[in-house]
Structure formats: C-alpha cells, structure tokens
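Scroll down for the structure; my scribbles are underneath it.
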Amino acid sequence: MFNNFFLKEVLEHSFNIPVQVTYANGKTEQYGDGEPQAKITFHRDISMKELVHNASLTLGEAYMDKEIEIEGSIQDLITSAYESAGSFLNNKKLKRFLPKQSHTETKSKSDVQSHYDIGNDFYRLWLDETMTYSCAYFKRPQDTLEEAQINKVHHIINKLDPKPGKTLLDIGCGWGTLMLTACKEYDLNVVGITLSQEQYDFVNRRIKEEGLEERATVILEDYRELKHAPFDYITSVGMFEHVGKENLGEYFKKISEYLRPDGIALIHGITRQQGGAVNAWINKYIFPGGYVPGLTENIEHILDAGMQVTDLETLRRHYQKTLEMWDQNFRRVLPEVQKTHDERFIRMWDLYLQACAASFESGNIDVIQYLITKGPSGNNLPMTREYMYQA
C-alpha cells in the first residue's frame with residue numbers, strides 16, 4: 001500500500017497530458033483532464049527505494065521485463081515527463097549521480113563493441129542503405145531517410161570548404177559513408193578510425209570493392225593512438241558522447257594535434273544546452289560509458305586546445321525526426337528481428353529509440369555541429385556562410 005502511495009505521488013505531477021495509470025493493486029487513477037493520451041499499467045509494486053535510487057533505470061528495466069505496460073505513444077509519454085517540472089525526470093530528490101566511469105582505451109573498446117558489434121545484419125534491417133547511424137539532415141520535408149543521411153554527409157563536408165587532393169581524418173568513421181564520399185566525390189585522401197571490428201571489416205570491404213585502396217584507409221584503433229598525422233581536415237560524428245567527461249579535454253586536444261596549423265574540423269555530436277548529463281538506463285543497456293557534454297563545456301575544451309569556433313548549428317529537430325523514422329523502420333521489420341533477438345531486447349530497443357526521440361523533442365538534449373579552425377576563427381574559409389549551401 002505504501003509503495004502505491006509513493007508511486008502515485010511521483011506520477012501525479014509527472015505529465016502535462018492526460019494519463020491513466022492502473023497500479024499493481026488494480027486501482028486506476030487518471031491524471032489530467034480529457035481523454036487519456038496514454039495508459040500505464042503496473043504489474044508489480046515499484047518501491048520508493050528503487051525510484052529514489054534511480055527512477056529512469058528502475059522504470060526502464062520494469063518496462064523491459066513487462067512489469068509495466070504502456071498503451072499509446074511512449075515518445076509522447078516521455079516527452080510529457082521531460083516537459084513537466086514536477087516529473088521524476090526533473091525532481092532533484094530522485095536524481096542520483098552515477099559512479100565515476102572508466103574510459104581507459106580497453107574500456108572504451110569494450111563499450112563501443114558492446115553497442116556497435118551487435119551485428120551489421122541487425123543495423124542493416126532498420127538503418128537506410130547508407131548504413132549511417134547518426135542524425136540525418138532533412139533539407140526538404142519529403143526527404144527519405146537515405147536522402148537525408150546523404151544530405152548530412154554533404155552538409156558536413158561542404159562546411160570544410162575542401163580542396164581536392166588534401167587529407168581528411170574521420171574519427172569514429174562508422175560504416176564509412178562520410179569518409180568514402182569525401183574520397184570519391186571531393187577528391188580527398190581519407191583515413192577513418194573505429195574501435196568496432198564489425199565496422200572496420202565493413203569499411204575495408206567497401207574500400208577494396210570500390211578500388212580506393214590508394215586514397216582511403218580504415219584503421220581499427222583507439223583515436224588516441226593514431227600516428228597518421230597531420231591532416232588538413234577532421235570530421236567526427238557522434239563520437240565525443242562516448243569518450244567520457246574526464247576525457248573530453250584530451251579528445252579536443254587530439255583533434256588539435258592531428259590538424260595542420262591552418263586545419264579545419266567539423267565535430268558533430270549530441271550536446272546538452274543545459275549542461276552535461278548521463279542517463280543510468282541508457283548507460284547500462286545502450287551506450288556503456290556514455291556522457292552527453294554541455295555546450296559551454298565543449299567550447300571551453302575547444303578553446304583550451306588552441307582552436308576557435310567558427311560556426312555552430314543546432315539540429316535538434318533533425319535528430320528527433322531521424323529517431324522517429326528509425327523506430328518506424330524497426331517496428332516494420334520486427335518479424336526479422338524476432339528471429340535473432342528475444343522480446344526483452346526488442347522492448348529495450350524500441351524504448352531506447354522512442355525515449356531518445358522524446359529527449360530531443362523536449363529539448364532535454366540537442367545535437368550540434370561545431371565548425372572549428374586551428375587558430376583564429378574562420379581562417380581560410382569564405383567570409384559568409386553562403387558557401388556551405390552553394391557547393
């Protein structure tokens with residue numbers, strides 16, 4: 001009875017949409033006026049101790065284990081919780097700091113492989129043909145996911161104002177679309193670096209199949225150990241979220257070290273405008289060791305590394321739409337996913353995609369492109385931003 005009372009106190013102020021909640025004792029309550037936009041059913045008591053320890057982790061695991069059922073959009077429900085000041089996601093009494101995370105080179109490799117080495121076949125089911133696993137860029141409302149991912153690649157490369165024959169390093173190269181596009185369409189000599197064996201094998205195969213061995217190289221190595229330097233340009237997409245708070249300074253110093261004196265870098269990653277944060281459930285099940293840095297935190301590290309910010313662009317709504325399309329794809333291919341993964345994994349992955357979309361929708365997190373020059377801002381770049389769109 002006490003657990004139900006405490007849970008009711010938590011949920012009563014957690015949403016800005018009408019929500020119906022059925023507790024483990026069978027009692028149903030509605031919070032908010034009007035037809036319920038979501039219905040939550042608890043099949044077991046959630047204790048005060050569990051919620052106070054970490055509400056996001058407790059509720060996420062309960063959903064994975066079918067101890068909670070949700071009828072309606074999970075994304076809308078979580079967006080509502082982020083937007084409500086009294087929500088368990090915003091209540092300081094329910095927040096707990098995670099233990100300090102280790103980001104040694106061995107630990108970083110283990111963290112990356114736990115996520116990206118689930119298998120290319122799994123990602124191929126619901127990503128687009130480019131196998132791009134980061135925020136897309138929707139130039140037009142009707143863009144397909146593949147078109148938007150290709151847009152993103154060109155948008156990033158165009159920001160560098162690249163000159164043929166120069167060199168580019170892609171830190172955290174994924175499945176190689178950006179680095180190989182830079183090689184084939186912009187005539188750059190490229191090096192990609194990854195800690196994922198699956199990604200390394202995939203990119204290496206593409207390089208050989210497309211006859212790019214003399215101008216494209218992929219390396220299976222920690223970015224801190226790279227010996228192929230310096231470079232004219234550096235790109236890094238969705239990478240700094242994995243390095244950990246304690247290694248952000250080193251990450252940007254390495255970028256500075258790997259750039260030529262007049263070099264240019266485009267760093268694209270998830271950033272919180274409100275300051276850095278972790279999420280215990282995401283950290284445990286999706287991105288071990290993950291840390292989303294704050295905007296000012298990143299800028300301080302960029303300046304400390306001897307570089308300057310030339311341009312910032314926020315793409316929050318683009319990542320929300322990307323995640324929504326990924327989740328639609330994931331749901332469409334569930335019969336194939338079920339052949340290799342159990343229901344707990346499927347509920348986990350669906351929750352992950354919808355929760356992240358909600359986090360972007362609510363403005364809890366953002367994704368920002370940092371255009372950086374080594375030395376004075378805008379060195380060797382056109383005077384206005386028009387060049388980014390006219391290329």
Side-chain angles (χ1 to χ4, degrees), residues 109-138 143-154 156 170-185 190 192-212 216 218-220 235 237-239 241-242 268 270 282 285-288 290 318-357 367:
K109 184 173 183 179
S110 171
D111 290 345
V112 168
Q113 291 182 344
S114 72
H115 186 78
Y116 294 98
D117 284 354
I118 293 174
N120 291 341
D121 289 342
F122 170 70
Y123 287 103
R124 192 178 286 111
L125 286 173
W126 53 273
L127 294 178
D128 64 283
E129 288 298 315
T130 70
M131 287 289 284
T132 304
Y133 188 34
S134 58
C135 175
Y137 183 66
F138 296 88
D143 281 343
T144 66
L145 182 57
E146 182 176 358
E147 288 170 337
Q149 292 291 11
I150 293 170
N151 292 343
K152 186 267 300 293
V153 167
H154 288 290
I156 287 174
D170 190 19
I171 299 176
C173 65
W175 284 276
T177 298
L178 191 154
M179 60 175 282
L180 297 183
T181 299
C183 180
K184 293 185 293 183
E185 300 187 35
V190 301
I193 188 165
T194 179
L195 280 176
S196 166
Q197 183 72 50
E198 292 267 353
Q199 291 178 343
Y200 170 80
D201 293 340
F202 185 90
V203 178
N204 221 14
R205 186 164 58 250
R206 285 189 62 187
I207 289 172
K208 292 174 181 176
E209 288 172 354
E210 299 182 38
L212 300 174
V218 62
I219 300 170
L220 183 65
T235 54
V237 178
M239 172 67 187
E241 307 93 314
H242 297 288
H268 167 124
I270 300 172
I282 292 281
Y285 288 99
I286 307 297
F287 291 112
H318 293 265
Y319 217 158
Q320 177 192 338
K321 186 170 182 177
T322 302
L323 282 154
E324 289 168 351
M325 295 178 81
W326 283 343
D327 194 57
Q328 290 167 10
N329 290 348
F330 181 73
R331 288 166 172 268
R332 190 168 57 247
V333 299
L334 276 181
E336 288 300 313
V337 178
Q338 288 166 344
K339 293 178 181 178
T340 52
H341 294 85
D342 62 21
E343 186 174 3
R344 191 172 192 264
F345 175 92
I346 289 168
R347 289 171 72 91
M348 175 191 78
W349 207 265
D350 184 39
L351 177 60
Y352 151 60
L353 293 172
Q354 291 201 60
C356 286
V367 62

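Bear in mind that the values here come from a model prediction, so they are computed numbers and not experimental data.
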**Q.** Donor-acceptor pair between T130 and Q149 side chains, under 3.5 angstrom
**A.** no

>> Check D121 with R124, please: is the shortest side-chain N to carboxylate O separation under 4.0 Å?
In response: yes

Answer yes or no: is there an ion pair linking D327 with R331, defined by an N-O contact shorter than 4.0 Å?
yes

Say whether, by atom type as modelled, one donor and one acceptor occur between the side chain of D170 and the main chain of G192 under 3.5 angstrom. no

CD1 of I270 to CE of M239, rounded to nearest 0.5 Å, is 13.5 Å

- E324 with K321: basic N within carboxylate O range, under 4.0 Å: no

| message | Quiz question: by atom type and distance under 3.5 Å, do the side chains of N151 and E147 form a donor-acceptor pair? | response | no

Hydrogens and angles aside, do S134 and K152 bring a side-chain donor and acceptor to less than 3.5 Å of each other?
yes

For the residue pair M325 and F138, establish whether any side-chain heavy-atom pair is separated by less than 4.5 Å.
yes

Next on the checklist: With a 4.5 Å cut-off on side-chain heavy atoms, are F287 and E241 touching?
Outcome noted: no

_Any heavy-atom pair between the side chains of L145 and W326 that's under 4.5 Å?_
yes

- Compare all side-chain heavy atoms of D128 with those of T144 and state whether any distance is below 4.5 angstrom. no

Separation between CG (L353) and OG1 (T322), nearest 0.5 Å, reads 11.5 Å

inquiry  = I'd like to know whether F330 forms a side-chain contact (heavy atoms from CB on, under 4.5 Å) with I346, so could you lay out the CA-CA distance, the side-chain angles of the two residues, the decisive distance to 0.1 Å, and finally the verdict.
reply    = CA-CA 9 Å; F330 181 73; I346 289 168; 4.2 Å; yes

* Asked: Quick one: are Y352 and Y285 in side-chain contact, heavy atoms under 4.5 Å?
  -> no

dist T194:OG1 -> I219:CD1 (nearest 0.5 Å) comes out at 11.0 Å

The single option from T177, L178, V367 that satisfies side chain to side chain contact (heavy atoms under 4.5 Å, CB included) with V237 is L178

Backbone N or O of E336 within a donor-acceptor pair of the Q338 side chain at under 3.5 Å? no

| request: Mark yes when over 12 heavy atoms from residues, nucleotides or ligands other than E146 sit less than 6.0 Å from its CD; otherwise mark no. | output: yes

Apply side-chain contact (heavy atoms from CB on, under 4.5 Å) to M179 and V203, showing your working. CA-CA 10 Å; M179 60 175 282; V203 178; 4.0 Å; yes

In this structure, CD of Q197 is separated from CG of N204 (nearest 0.5 Å) by 9.5 Å

Counting C-beta onward and ignoring hydrogens, is there a side-chain heavy-atom pair between Y123 and F202 closer than 4.5 Å? no

- Task: Step by step, work out the ring-ring contact (aromatic ring centres under 6.0 Å, His included) result for F122 and F345.
- Result: CA-CA 12 Å; F122 170 70; F345 175 92; 5.4 Å; yes

When rounded to the nearest 0.5 Å, the distance separating CG of D143 from CD1 of I150 is 10.0 Å

Tightest non-hydrogen contact, residues C183 and V190, listed as CB-CG2, 3.8 Å

query: Hey, are the side chains of N120 and W175 touching, using non-hydrogen atoms and a 4.5 Å cut-off?
result: yes

| Minimum side-chain heavy-atom gap Q199-C173 below 4.5 Å | no

- Return yes when atom NZ of K184 has more than 12 non-hydrogen atoms of other residues, nucleotides or ligands closer than 6.0 Å, and no otherwise. yes

Residues L180 and A216: closest non-hydrogen pair is CD2-CB, 4.1 Å

Rounding to 0.5 Å, atoms CG (L334) and NE2 (H341) come to a distance of 12.0 Å

Here the pair of heavy atoms bringing V218 nearest to Y200 is O-CE1, 3.4 Å

In terms of heavy-atom contacts, Q320 and A357 come closest through CG-O, 3.9 Å

